[in-house]
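Report on one structure; see the data block that follows.
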Amino acid sequence: MAGEGKFMYIRSQMCDKVLTVQDGTMAPGQPVGCAPASGDDHQFWYEDRIKGVIRSKADTNFVLEIQDDTLVINEYNPDEYNQKYHCTNNLVKHSEDGNCLDIAGCDDSDFARICTWEEHGADNQLWQFDHQPPAYCYIISRVDGKV
């Protein structure tokens, strides 16, 4: 079975690092920066197109949010303007104002600040969405062992 899974790395085209919740700590206001891919759940994301947010695999109650001009995670709030992001054409864009996630100052160090900025298309705004293969399982009846 092949195909594209729900979860993805959001990988910077500037530095080849992926969006990562700092220290893997799922807490309101925890910074999100770029770090080398390790396969941990706090590095995987999915685009919730119904709610218009990008959710963390580590805890789907947490979404990307800009807070004080810095990318963080926070608990989903349907009325929070700063949580409304979508992935399109190698950009992570705010759904209303059109600003894009931007690695501030083109800093390629781990956990450099990510902010939003007007779209200009430079490498510090370009992202690759690396979807992971889907996971499958069997559900087996305890009564008769049938799948």
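In this text the structure is predicted, and so the values were computed from the model without any measurement. The figures that follow rest on heavy atoms only: side chains count, while hydrogens, waters and symmetry mates do not.
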side-chain contact (heavy atoms from CB on, under 4.5 Å) between D23 and Q30, worked out: CA-CA 9 Å; D23 301 324; Q30 186 70 8; 4.0 Å; yes
Nearest-0.5 Å distance, OG of residue S12 to CG of residue N124: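 Rounded to the nearest 0.5 Å, the OG-CG separation comes out at 8.0 Å.
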Gap separating the CG atom of D102 from the SG atom of C115, nearest 0.5 angstrom: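 So the CG of D102 and the SG of C115 are separated by 4.5 Å.
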In terms of hydrophobic clusters joined by side-chain contacts under 4.5 Å, are [X] and [Y] together?
{"X": "L101", "Y": "V21", "answer": "yes"}
{"X": "L71", "Y": "V18", "answer": "no"}
{"X": "L126", "Y": "Y85", "answer": "no"}
{"X": "W45", "Y": "V72", "answer": "no"}
{"X": "I54", "Y": "I66", "answer": "yes"}

W127/Q13 under side-chain contact (heavy atoms from CB on, under 4.5 Å): CA gap, chis, key distance, verdict: CA-CA 5 Å; W127 306 91; Q13 290 190 19; 5.8 Å; no
Taking [X] for its side chain and [Y] for its backbone only, find out whether a donor-acceptor pair lies under 3.5 Å.
{"X": "K17", "Y": "D108", "answer": "yes"}
{"X": "D48", "Y": "I50", "answer": "yes"}
{"X": "Q83", "Y": "P78", "answer": "no"}

Trace of the side-chain contact (heavy atoms from CB on, under 4.5 Å) decision for N74 with V63: CA-CA 6 Å; N74 261 324; V63 301; 5.6 Å; no
Do [X] and [Y] have side chains that approach each other closer than 4.5 Å (heavy atoms only, starting at C-beta)?
{"X": "M8", "Y": "D130", "value": "no"}
{"X": "I114", "Y": "C34", "value": "yes"}
{"X": "N99", "Y": "E119", "value": "no"}
{"X": "R49", "Y": "H86", "value": "no"}
{"X": "I103", "Y": "M14", "value": "yes"}
{"X": "Q22", "Y": "V32", "value": "no"}

E118, CD: over 12 other non-hydrogen atoms inside 6.0 angstrom: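 Atom CD in E118 is not crowded, with 12 or fewer foreign heavy atoms closer than 6.0 Å.
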ring-ring contact (aromatic ring centres under 6.0 Å, His included) against F44, all qualifying residues, sequence neighbours excluded: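 Once residues adjacent in sequence are excluded, the partners of F44 under the ring-ring contact (aromatic ring centres under 6.0 Å, His included) criterion are Y9.
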Partner set under ring-ring contact (aromatic ring centres under 6.0 Å, His included) for Y81, not counting sequence neighbours: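 Here the qualifying residues are H94.
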Hey, are [Y] and [X] close enough side-chain-wise for a donor-acceptor pair under 3.5 Å?
{"X": "T70", "Y": "D68", "value": "no"}
{"X": "E65", "Y": "N82", "value": "no"}
{"X": "Q125", "Y": "H120", "value": "yes"}

Criterion side-chain contact (heavy atoms from CB on, under 4.5 Å) on Y76 and R55, from CA distance to verdict: CA-CA 8 Å; Y76 170 67; R55 295 185 183 273; 3.9 Å; yes
R113 and D107 ion-paired at < 4.0 Å: no
Might you point out which heavy atoms bring [X] and [Y] nearest each other, and give the distance in Å?
{"X": "I73", "Y": "T25", "answer": "CD1-O, 4.0 Å"}
{"X": "A27", "Y": "F62", "answer": "C-CE2, 3.7 Å"}
{"X": "C100", "Y": "K93", "answer": "SG-CG, 3.7 Å"}
{"X": "E75", "Y": "P28", "answer": "OE2-CG, 3.8 Å"}
{"X": "M26", "Y": "A58", "answer": "SD-CB, 3.7 Å"}

Aromatic F129 / basic R11 pairing, under 6.0 angstrom, 45° off normal: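 Geometry flag: not set, cation outside 6.0 Å or 45°.
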